[in-house]
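This one's a predicted model, so the numbers in the text were calculated from it and none came from an experiment. All residue numbers in this chain count up from 1 along the given sequence. Atom set for the values below is all heavy atoms of this structure, side chains included, hydrogens, waters and symmetry mates excluded.
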Amino acid sequence: MKSRRIRISSIVLKVFLAVLIVVEIYPIFWILTSSLKTQSEFVTQPSYTLPSSFQYENYVDAWTAGKMGVYFKNTIITTAGALLLTIAVALPAGFAITFMRWKLKNAALTFIITGMMIPVQATLIPIFLVYKELGLINTLTGLTLVYAATNVPLAVFLLSTYMKQFPMELVEAAIVDGCGIYQTFARIIVPVSTNLIVAVLTLEFFYSWNDLMFSMTFNSKADLKTIQTGLLSFVGQYGQRQWGPTFASIAISVIPTAILYMMLSKMVITGMTAGAIKG
C-alpha cells in the first residue's frame with residue numbers, strides 16, 4: 001500500500017511538472033513561431049498554428065526599420081554599465097561591512113538596506129529634478145546611474161549576508177601568511193564568492209534589461225530608447241499591419257535573457273542558496 005501511494009504521488013508530481021514546463025515554455029515558443037509568420041497568416045490562420053514558411057525578413061525589418069538594433073545597443077550599454085558600477089560598489093561595501101571594524105558599519109548597512117524599502121516610484125520626481133540640474137536627462141549615463149543606484153542595496157544585502165557565513169579561518173590564514181586587506185579581498189573573498197556574484201549580477205541584469213519606468217521618465221529621444229520603450233513605439237509604428245516584425249522585436253528582447261539564464265542557472269541557484277545553511 002505504501003509503495004502504491006509513492007507511485008501515485010510520483011505520477012502526480014511528474015504530471016504537474018510536465019504541465020508547468022508547457023506553461024513556461026509555450027509562450028516563448030508562440031512568440032518565436034509568430035515572429036516567422038507572414039502577415040496573411042495572422043488573419044487567416046489560428047494563432048497556435050505553425051508558420052507555413054520561415055519569414056526571416058521579419059527580424060531584418062524589426063532590426064532596421066523598427067530600430068531594434070539601436071534600442072538593443074542602448075540597452076546593452078546601460079545594463080552593462082549599471083552592472084559594473086553595482087558590483088564595483090556592492091562587493092567592497094559588503095566586505096567592509098562584514099570584515100572590517102569601524103564605528104558606523106551597522107548604521108551604514110541599515111542606511112543601504114533602507115533603500116530596498118523605498119518604492120522606486122517615489123524617487124522619480126526627486127531624481128528627475130536632480131538630473132535636470134545636472135544635464136542628465138536624455139542621456140544613457142543618466143539611465144546607467146539610476147539603474148546602478150537601485151541595484152546596489154539588494155546587492156550589498158545579499159553579499160554581506162553571504163560573507164557573514166564565510167569561514168573566518170581562511171581570512172585569518174591569509175592574514176597570517178602576510179596578506180593585507182586588499183590582497184585578502186582580491187585573492188580570498190572574490191574567488192570564493194564567484195557564484196553569488198554571478199547570481200547578483202544576473203538578477204540585476206533582468207531588472208535593468210526589462211526596465212520601462214525609468215527609461216520612459218528620463219529619455220524621450222528616439223535614438224536613446226532602450227528595448228522596452230522601443231517596443232512600445234514599435235507597436236505604435238506598425239499597429240495591426242505588421243505583426244511579424246512586431247513579434248520579431250519581442251523575440252529579440254526576450255531571447256538574450258532566456259539564453260543568459262539557461263547558461264548561468266546552475267551558478268544562480270548555487271549562489272542564491274550559498275550561506276543559507278551555516279556549515
- line: Minimal heavy-atom distance between Pro191 and Ala186, with the atoms involved, is CD-O, 3.3 Å
query: Does the pair Ser35 and Tyr59 meet the rule for a side-chain contact (heavy atoms from CB on, under 4.5 Å), with working shown?
result: CA-CA 8 Å; Ser35 68; Tyr59 284 89; 2.6 Å; yes
- prompt: Just how far is it from atom CG of Leu13 to atom CG of Leu20, taken to the nearest 0.5 Å?
  reply: 10.5 Å
message: I'd like to check the ring pair (Phe, Tyr, Trp, His ring centres under 6.0 Å) partners of Phe72; sequence neighbours left out, ordered by chain and number.
response: Trp63, Trp209
message: Could you work out, with side chain to side chain contact (heavy atoms under 4.5 Å, CB included) as the rule, every residue matching Leu154, not counting sequence neighbours?
response: Met116, Leu158, Glu204
message: Return the CD to CG distance between Gln165 and Leu196, rounded to the nearest 0.5 Å.
response: 11.5 Å
- line: Interatomic distance, NZ@Lys37 vs CG@Asn58, rounded to 0.5 Å, equals 11.5 Å
- prompt: Transitively linked via ILVMFWY side-chain contacts under 4.5 Å: Leu260 with Ile197?
  reply: yes
task: Quick one: name the residues clustered hydrophobically with Val176, using the 4.5 Å side-chain heavy-atom rule over I, L, V, M, F, W, Y, and just say none if it's on its own.
output: none
Side chains of Leu83 and Ile87 in contact at under 4.5 Å (non-hydrogen atoms): no
message: Quick one: does any side-chain atom of Thr139 pair with a main-chain N or O of Gly142 as donor and acceptor, under 3.5 Å?
response: yes
statement: Output for pair (Thr98 OG1, Lys164 NZ), nearest 0.5 Å, gives 6.5 Å
task: Enter the distance from Thr86:OG1 to Leu201:CG here, rounded to the nearest 0.5 Å.
output: 8.0 Å
- request: May I have the step-by-step check of side-chain contact (heavy atoms from CB on, under 4.5 Å) for Ile28 and Ile255, ending in yes or no?
  value: CA-CA 9 Å; Ile28 298 178; Ile255 290 175; over 6 Å; no
statement: Nearest heavy-atom approach of Ala90 to Ala155 is CB-CB, 3.5 Å
message: With side-chain contact (heavy atoms from CB on, under 4.5 Å) as the criterion, how do Leu50 and Phe29 come out once you've worked through the C-alpha distance, each side chain's angles and the decisive distance to 0.1 Å?
response: CA-CA 10 Å; Leu50 296 177; Phe29 174 77; 3.6 Å; yes
Side chain proximity check, Ile252 to Tyr71, heavy atoms < 4.5 angstrom: no
- request: Specify the closest pair of heavy atoms between Thr75 and Ile227, including all atoms of both residues, with the distance to one decimal.
  value: OG1-N, 2.8 Å
field: Non-neighbouring partners of Asp223 that pass side chain to side chain contact (heavy atoms under 4.5 Å, CB included), sequence neighbours left out
entry: Lys67
task: Answer whether the closest heavy-atom distance between the side chains of Ile181 and Phe95 falls below 4.5 Å.
output: yes
message: Please give me the minimum heavy-atom distance between Met117 and Pro119, naming the atom from each residue.
response: O-CD, 3.5 Å
- request: For Thr44, enumerate each residue passing the side-chain hydrogen bond (donor to acceptor under 3.5 Å, both in side chains) test, keeping only those at least two apart in sequence or located in another chain.
  value: none
message: If you apply the rule side-chain contact (heavy atoms from CB on, under 4.5 Å), what do you find for Gln228 with Asp211, and how did you get there?
response: CA-CA 7 Å; Gln228 304 307 323; Asp211 169 72; 5.9 Å; no
query: Who else is in Ile25's hydrophobic cluster (ILVMFWY, side-chain heavy atoms under 4.5 Å, direct or via others)?
result: Ile21
Test side-chain hydrogen bond (donor to acceptor under 3.5 Å, both in side chains) applied to Thr114 - qualifying residues, sequence neighbours left out: none
task: Only counting residues at least two apart or in another chain, list the ones meeting side chain to side chain contact (heavy atoms under 4.5 Å, CB included) with Lys221.
output: Asn138, Leu224
- prompt: Is Ile125 isolated, or which residues cluster with it under the ILVMFWY side-chain rule of less than 4.5 Å, directly or via members?
  reply: Leu129
- prompt: Apart from Ile127 itself, which Ile, Leu, Val, Met, Phe, Trp or Tyr residues share its cluster (side-chain heavy atoms under 4.5 Å, direct or through members)?
  reply: Leu85, Val120, Leu124, Phe128, Val130, Tyr131, Leu134, Leu136, Ile137, Leu143, Leu145, Val146, Tyr147, Tyr207, Met213, Phe214, Phe218
field: Thr33 (side chain) donor-acceptor with Trp30 (main chain) under 3.5 angstrom
entry: yes
statement: Taken in chain and number order and not counting sequence neighbours, the residues that satisfy side chain to side chain contact (heavy atoms under 4.5 Å, CB included) with Thr64 are Val60
message: Minimum heavy-atom separation for Gly244 and Phe42, please, with both atom names.
response: N-CE1, 3.6 Å
message: Please enumerate all residues that pass side-chain hydrogen bond (donor to acceptor under 3.5 Å, both in side chains) together with Ser215, with sequence neighbours excluded.
response: Thr226, Thr229
- line: Heavy atoms of Glu41 and Ser52 approach each other most closely as OE2-N, 2.7 Å
Expected output: side-chain Asn219 to main-chain Lys225 donor-acceptor under 3.5 Å: no
